[in-house]
Amino acid sequence: MTPVEQKKAAAVRALDFVEDGMKLGIGTGSTAEEFVRVLAERVRQGLSVIGVPTSERTAKLARELGVPLTNLDDTPHLDLTIDGADEFDGALRLIKGGGGALLREKIVATASDRMIVIADASKRVATLGAFPLPIEVIPFGAVATSRRIAEIASAHDCHGRIVRRTDSYGVPFFTDSNNFIFDCAFGSIPDPDGLARELNLIPGVVETGLFIGIATAALVGTASGVDMIEAG
């Protein structure tokens, strides 16, 4: 299967874990959107669920396709979150945030009993870091914050360019929460757990794209089918 077909296969397989009456977290990104599409088809067939989207983009698609939505204020506890990942390793540590929704994705995932990652085979890596690590920061003092990020990263043997995200026209990117994202091209992250802990202590850092100890399973589309990887 092609990577696109692998994403679709993983999204379809994720439906096996969705039960009638569930409250679902719904992720952001191309793979998560495949899940929204297959979920919407099941809803049209009579499945009763309600979803909390992790971005305005996901919310728009879900509404267009008829998936019922709520929010975490009205529904603070969720049964299951289905989301993609930019990278994940054998311990189901993730890098997320390529779509710019890492803060809301982490809030929704941790409000859920379980998080299942859906991905194509290319997202599985031995060591995290080939995909630039997104870090969401508040605009005030962002340059000073980025300097501190670089210092902490260097202490963890992570080196590479740290740049503020812009779109294809060079326009600065803002998250749905009106924050900046710095993308950190480290290449390799030897100690994701330690790096995540220290980055989150920096004043000005809202959240990092390192999801540690959150995902409970991954459904990975491969050339021959869908593999399931469970945490622990």
Side-chain angles (χ1 to χ4, degrees), residues 4 7-8 10-11 14-15 18 22-41 43 49-88 94-120 123 131-139 142 164-169 171-184 200 205-212 214-215 218-219:
V4 171
K7 291 179 182 181
K8 291 180 179 179
L15 285 176
V18 178
M22 271 190 166
K23 295 165 285 187
L24 299 173
I26 306 175
T28 295
S30 61
T31 310
E33 287 175 4
E34 294 293 347
F35 175 71
V36 174
R37 293 185 179 96
V38 296
L39 178 65
E41 180 60 29
V43 168
V49 295
I50 192 163
V52 172
T54 56
S55 66
E56 298 303 322
R57 173 177 165 177
T58 295
K60 181 176 183 293
L61 178 64
R63 290 191 190 99
E64 290 173 351
L65 297 179
V67 176
L69 297 180
T70 183
N71 57 64
L72 282 182
D73 290 332
D74 294 334
T75 312
H77 173 258
L78 306 177
D79 300 298
L80 173 67
T81 286
I82 305 290
D83 203 349
D86 298 305
E87 281 187 346
F88 68 93
L94 320 175
I95 286 183
K96 289 180 53 56
L102 62 99
L103 174 61
R104 295 191 183 189
E105 287 172 334
K106 193 172 285 188
I107 291 172
V108 168
T110 55
S112 305
D113 289 337
R114 293 182 295 160
M115 177 192 186
I116 295 178
V117 173
I118 52 177
D120 64 84
K123 303 301 190 295
F131 189 92
L133 173 65
I135 300 177
E136 186 163 344
V137 306
I138 65 169
R164 182 180 165 192
R165 185 178 298 183
T166 60
D167 65 17
S168 57
Y169 298 98
V171 177
F173 175 87
F174 285 87
T175 69
D176 287 342
S177 300
N178 292 314
N179 293 317
F180 297 163
I181 285 183
F182 283 94
D183 291 307
C184 307
N200 278 317
V205 168
V206 179
E207 193 51 82
T208 80
L210 286 166
F211 283 49
I212 310 291
I214 296 175
L219 299 171

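Quick caveat, the model's predicted, so the values are computed rather than measured.
Using a cut-off of 4.0 Å between Lys/Arg side-chain N and Asp/Glu carboxylate O, E56 and R104 are scored as salt-bridged. Salt-bridge formation is not detected for the pair E34/K7: no Lys NZ or Arg NE/NH1/NH2 atom is positioned less than 4.0 Å from an Asp or Glu carboxylate oxygen. Using a 4.0 Å cut-off between charged side-chain N and carboxylate O, K60 and E64 make a salt bridge.
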Fill in: H77/D113 under side-chain contact (heavy atoms from CB on, under 4.5 Å): CA gap, chis, key distance, verdict
CA-CA 8 Å; H77 173 258; D113 289 337; 2.8 Å; yes
Worksheet entry | side-chain contact (heavy atoms from CB on, under 4.5 Å) between R57 and E33, intermediate numbers included | CA-CA 9 Å; R57 173 177 165 177; E33 287 175 4; 2.5 Å; yes
Item to complete: Verify side-chain contact (heavy atoms from CB on, under 4.5 Å) between V67 and I26, making sure each step is shown before the conclusion.
Response: CA-CA 10 Å; V67 176; I26 306 175; 4.2 Å; yes
Discussion item. Run the side-chain contact (heavy atoms from CB on, under 4.5 Å) test on T166 and V171 for me, step by step, so that the C-alpha distance in whole Å, both residues' side-chain angles and the decisive distance to 0.1 Å come before the verdict.
Written reply: CA-CA 5 Å; T166 60; V171 177; 5.9 Å; no
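A ring-centre distance under 6.0 Å is not found for F180 and F173.
The side-chain contact (heavy atoms from CB on, under 4.5 Å) test with L102 singles out one residue from T175, I181, T208, and that residue is I181. No option in I50, L80, L78 other than L80 meets the side-chain contact (heavy atoms from CB on, under 4.5 Å) test with M22.
For the pair V49 and L39, the minimum side-chain heavy-atom distance is below 4.5 Å. The side-chain heavy atoms of P134 and I95, taken from C-beta on, include a pair separated by under 4.5 Å. At least one side-chain heavy atom of P139 sits under 4.5 Å from a side-chain heavy atom of N179. Between E207 and N200, some side-chain heavy-atom pair lies under the 4.5 Å cut-off. Looking at L94 and I214, their side chains never come closer than 4.5 Å, going by heavy atoms from C-beta outward. The closest side-chain heavy-atom distance from F35 to V18 is below 4.5 Å.
Remark: L210 CG to C184 SG distance equals 9.5 Å, nearest 0.5 Å.
Side-chain polar atoms of K23 and T70 form no donor-acceptor pair below 3.5 angstrom.
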